[in-house]
Protein chains: 2
Amino acid sequence: MKSKDATCDLHIIHREVVERVSEAMPPEEMLYDLAELFKVFGDSTRIKILCALQEEEMCVCDIAALLGMTQSAISHQLRILKQASLVKYRRDGKVVYYSLDDEHVSNIFAQGFAHVSHR
Amino acid sequence: MKSKDATCDLHIIHREVVERVSEAMPPEEMLYDLAELFKVFGDSTRIKILCALQEEEMCVCDIAALLGMTQSAISHQLRILKQASLVKYRRDGKVVYYSLDDEHVSNIFAQGFAHVSHR
DNA sequence: CTTAGAGTTGAATATATGTTCATATGTTCA
DNA sequence: TGAACATATGAACATATATTCAACTCTAAG
């Protein structure tokens, strides 16, 4: 007779391993948030924007010109970056300037670069 | 008369800034690869798998049991992680054991955790 | 107060992506 | 060789997501 979990009856080969790892896992919500964060980095347009803002603050239409895309597309992506607390903005007249809002962005970038360039 | 780019006629407010940042940007291909890498991290199932493998190597069906998902779903995700050089595997009889294949994974995780937990 | 420029937003569309289901490999053991 | 098990794979479906287009807000200047 096989033991059953609350949700499934998948069998387990190494019960001790599964139990040990299960206890070591961070809470669901934290892992979900982590995936959400990396999802933001997982788009080449947003990567380019973050990369550009690492150099200096820029306004929306300059970013659009830099990347050869429409203001609307850039604005949509900036909203996502803003929601993820990765960029902040300041308004000067009609122009809105965006800049990085996180010290970790550079570090995350660096590790990513290390991986893609190393192999 | 407005100056035109090769591909578009978007106007620029701060030409000097755009030119300076443009020269500082890494090559397109590298940024694309970087986005592809983070895209792999940008799924909660894959995050959980990587998180589990940080503890110790595991076989497919144990991972499936741990996460309460089907073997097939896990196998599909492991293929993606394998293609990204984030996990490696060894076969022992019928069982295939997966483990982390990158020293940067832990660092990327750490930075991500720092961001999500800090706000 | 009207106009023009900079940016935002919402709906729509096209594409990408994760999971499921069924089937195929590949390995061990009788 | 054949049965049983662990894993992998392919097609299909459902959902998520990026860009476009049009309309809208907000500010500065005439």
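- Going from atom CE of B:M58 over to atom C1' of D:dA6 covers 15 Å, rounded to whole Å.
- The OH atom of A:Y32 lies 10.0 Å from the CG atom of B:D43; values are rounded to the nearest 0.5 Å.
- Spacing between atom CD of B:E36 and atom C1' of D:dA18 amounts to 14 Å, rounded to whole angstrom units.
- Contact annotation: side chain of A:S72 to base of D:dT19, donor-acceptor pair absent below 3.5 Å.
- Contacts of A:Y98 with the nucleic acid, taken as non-hydrogen atoms under 4.0 Å apart, involve only primed sugar atoms and P, OP1 or OP2.
- No option in B:L86, B:L81, B:I49, B:L53 other than B:L53 meets the side chain to side chain contact (heavy atoms under 4.5 Å, CB included) test with B:L100.
- The CD1 atom of A:I13 sits 13 Å away from the C1' atom of D:dA4 (whole-angstrom rounding).
- Contact annotation: side chain of A:H76 to base of D:dT20, donor-acceptor pair present below 3.5 Å.
- Whole-Å rounding puts the A:R79 CZ to D:dT20 P distance at 16 Å.
- Atom CZ in A:R91 sits about 11 Å away from atom C1' in D:dA28, given to the nearest Å.
- Enclosure of atom CD in B:E16 by more than 12 non-hydrogen atoms of other residues, nucleotides or ligands within 6.0 angstrom is indicated.
- D:dA16 atom C1' lies 12 Å from atom CZ of A:R46, rounded to whole Å.
- Among D:dA18, D:dG10, D:dT7, the nucleotide with an atom closest to any side-chain atom of A:I80 is D:dA18.
- Between A:F38 and B:F38, the ring planes are parallel. Angles under 30° get that label, and only those over 60° would be called perpendicular.
- Taking the 5' to 3' direction, DNA chain C first and last meets chain A under 4.0 angstrom from a heavy atom at C:dG5 to C:dG10.
- When rounded to the nearest whole Å, the span between CG of B:D62 and P of D:dA6 equals 10 Å.
- Heavy-atom minimum distance, B:K39 versus B:R46: O-NH2, 3.2 Å.
- Minimum atom distance to the side chain of A:K39 is reached by D:dT17, of the listed D:dT17, D:dC5, D:dT9.
- Closest of all the heavy-atom pairs between B:T45 and B:I74 is CG2-CD1, 4.4 Å.
- Under a 3.5 Å cut-off, the side chain of A:H115 and the backbone N or O of B:A84 do form a donor-acceptor pair.
- Here D:dT9 is the nucleotide among D:dT20, D:dA18, D:dT9 with the atom lying nearest to any side-chain atom of B:S75.
- Through chains of ILVMFWY side-chain contacts below 4.5 Å, B:Y97 is grouped with A:I13, B:V95.
- Between B:Y89 and B:Y98, the ring planes are tilted. Angles from 30° to 60° get that label.
- Atom CZ of B:F113 is surrounded by more than 12 heavy atoms from other residues, nucleotides or ligands within 6.0 Å.
- The residue among A:D43 and A:G93 whose nearest nucleotide of DNA chain D is located toward the 5' end is A:D43.
- The rotation axes computed at either terminus of the helix from C:dC1-D:dG30 to C:dA30-D:dT1 lie 20° apart, taking five pairs at each end and rounding to 10 degrees.
- Regarding A:I74, its CD1 atom lies at a distance of 12 Å from the P atom of D:dA18, rounded to whole Å.
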